[in-house]
2 protein chains.
Amino acid sequence: MSTAADLTSTSYALLGLLAVRPSTTYELAQQMDRTLSRFWPRARSKVYEEPRKLVDRGLAAAAEGAVGRRRRTVYSITPKGRRALAAWVAAPGQGPVLEFEQLMKVFFADNGTTDDIRRTLLDTRAWAHERTLVNVEVGRSYLEGRGLYPERAAVNMLVGRFLDDFLECLDRWAEWAGETIETWPERPRDAAADPVAMEHSVRQAEDRAARYEAPGGPDD
Amino acid sequence: MSTAADLTSTSYALLGLLAVRPSTTYELAQQMDRTLSRFWPRARSKVYEEPRKLVDRGLAAAAEGAVGRRRRTVYSITPKGRRALAAWVAAPGQGPVLEFEQLMKVFFADNGTTDDIRRTLLDTRAWAHERTLVNVEVGRSYLEGRGLYPERAAVNMLVGRFLDDFLECLDRWAEWAGETIETWPERPRDAAADPVAMEHSVRQAEDRAARYEAPGGPDD
DNA sequence: TTCTTCATGTAATTAGTTACATGATTGA
DNA sequence: TCAATCATGTAACTAATTACATGAAGAA
């Protein structure tokens with residue numbers, strides 16, 4: 001058993017899921033898909049790998065079972081695991097990291113056509129829509145009280161709200177951008193930047209900066 | 001020279017920067033920091049690696065120079081590179097991928113204290129604020145006409161708007177969440193989920209779904 | 001002249017992904 | 001009884017990161 005120093009955020013992601021309840025790797029993978037994947041996406045194979053690491057560090061325990069001739073491992077968190085998780089929750093975390101290929105294609109759109117942008121924006125909206133439908137499903141199940149783990153309802157609400165706000169932000173932007181480019185010539189490089197729209201962002205950013213520094217700011 | 005099949009999005013990121021103008025690796029790295037890093041973050045060493053790959057594929061050319069005893073390579077895009085870039089811009093791209101460790105800490109906050117959440121949310125707001133200040137700087141320079149590459153102004157506006165909208169969304173959420181948890185008990189697991197707040201997200205998502213399917217939707 | 005910052009890379013390591021393989025279960 | 005889907009992993013590969021090394025230029 002080595003020290004816990006080399007645990008990654010992904011390790012704690014799995015540890016956190018085990019803190020909710022003991023699970024098989026399959027159940028962990030399902031939970032990843034339904035929840036964590038929106039803000040901490042990882043490949044399936046990680047879900048099989050990390051718990052073994054947690055066991056090695058003494059943060060989780062593995063109960064070996066079987067289904068027919070197949071192995072079946074149920075993992076559960078240990079007291080030491082709970083302490084490690086609490087320490088991780090209390091420690092500062094990283095801010096959001098965004099990878100947005102479609103936006104990069106918009107950014108380099110002057111090497112293509114305005115129609116390329118249009119198609120990309122439609123893809124973005126379709127993407128947002130698809131996830132929205134899932135959110136509505138999950139959200140309704142909570143409202144109807146079918147949500148499991150009522151002790152997690154309050155934090156789920158905080159997280160769910162962010163995820164939906166993000167989709168709303170994304171969809172509104174793609175809608176606005178789609179309207180904006182409607183009048184553009186075929187080549188984006190020939191389009192003129194609308195000064196009104198340009199001011200909008202700068203003003204919004206300035207207002208936000210003022211809002212942060214004035215009332216609830218850190219020097220307050 | 002092998003085929004272009006194994007180029008990654010990161011390869012095209014660098015190729016796109018070279019399409020703006022020929023650059024040294026240092027200049028490419030600067031551009032990455034100032035622009036692409038917000039939606040396609042990559043380590044510095046990639047900026048030295050990828051252009052060589054582009055040259056190998058015939059998409060870029062390298063002009064070897066020197067500063068004193070040191071090598072100095074200026075890369076530029078080739079006609080074949082421009083065609084490849086145009087094809088990439090026209091092809092469908094990936095939707096946004098978000099990695100948000102702070103949100104994950106909120107998600108697992110019932111293993112810690114409400115104060116842990118409070119600190120994390122303050123970190124999030126500080127993070128947003130810092131980037132906001134940079135955006136204001138960059139945005140103002142454009143408004144004042146100091147922006148280089150006027151042919152890129154229109155697309156820059158589209159991208160800049162999204163980046164600022166995202167920061168606005170993030171900051172508003174963190175502010176709201178901070179107010180929400182003010183009345184929570186020490187243990188988040190003892191907090192009750194506010195049914196009004198819970199409905200907000202679901203309704204917002206439903207409205208968005210309706211908005212998508214009704215007017216500008218794909219079956220239209 | 002020395003210190004700091006700017007500039008240009010290479011090497012070693014790793015976190016993560018993709019592809020593969022196969023047993024168990026269910027329903028037509 | 002056959003096909004589809006659910007379930008449980010392993011192996012190979014790679015994109016990307018971190019750490020290291022050092023020359024050039026400018027400032028004190």
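Chain A is the first sequence line, chain B the second, and so forth, proteins listed ahead of strands; every chain is numbered from 1.
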>> One character per nucleotide, please: for nucleotides 7-17 of chain C, 5' to 3', B when the base has a protein heavy atom closer than 4.0 Å, S when only the sugar-phosphate does, - otherwise.
In response: BBBB----SBB
> Looking at CG of B/Asp171 and CZ of B/Arg131, how far apart are the two atoms once the value is rounded to the nearest 0.5 Å?
Replying inline: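 Answer rounded to 0.5 Å: 13.0 Å.
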Are any of the side-chain nitrogens in [X] or [Y] under 4.0 Å away from the carboxylate oxygens of its partner?
X	Y	value
A/Glu168	A/Arg172	yes
A/Arg42	B/Glu99	yes
B/Arg52	B/Asp56	no

> What is the distance from CZ of A/Arg69 to P of C/dT25, rounded to the nearest Å?
Replying inline: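 Interatomic distance, CZ of A/Arg69 to P of C/dT25: 12 Å.
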>> Tell me every residue that passes side-chain contact (heavy atoms from CB on, under 4.5 Å) with B/Val138, counting only those two or more places apart in sequence or in another chain.
In response: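 Once residues adjacent in sequence are excluded, the partners of B/Val138 under the side-chain contact (heavy atoms from CB on, under 4.5 Å) criterion are B/Arg34, B/Val134, B/Tyr142.
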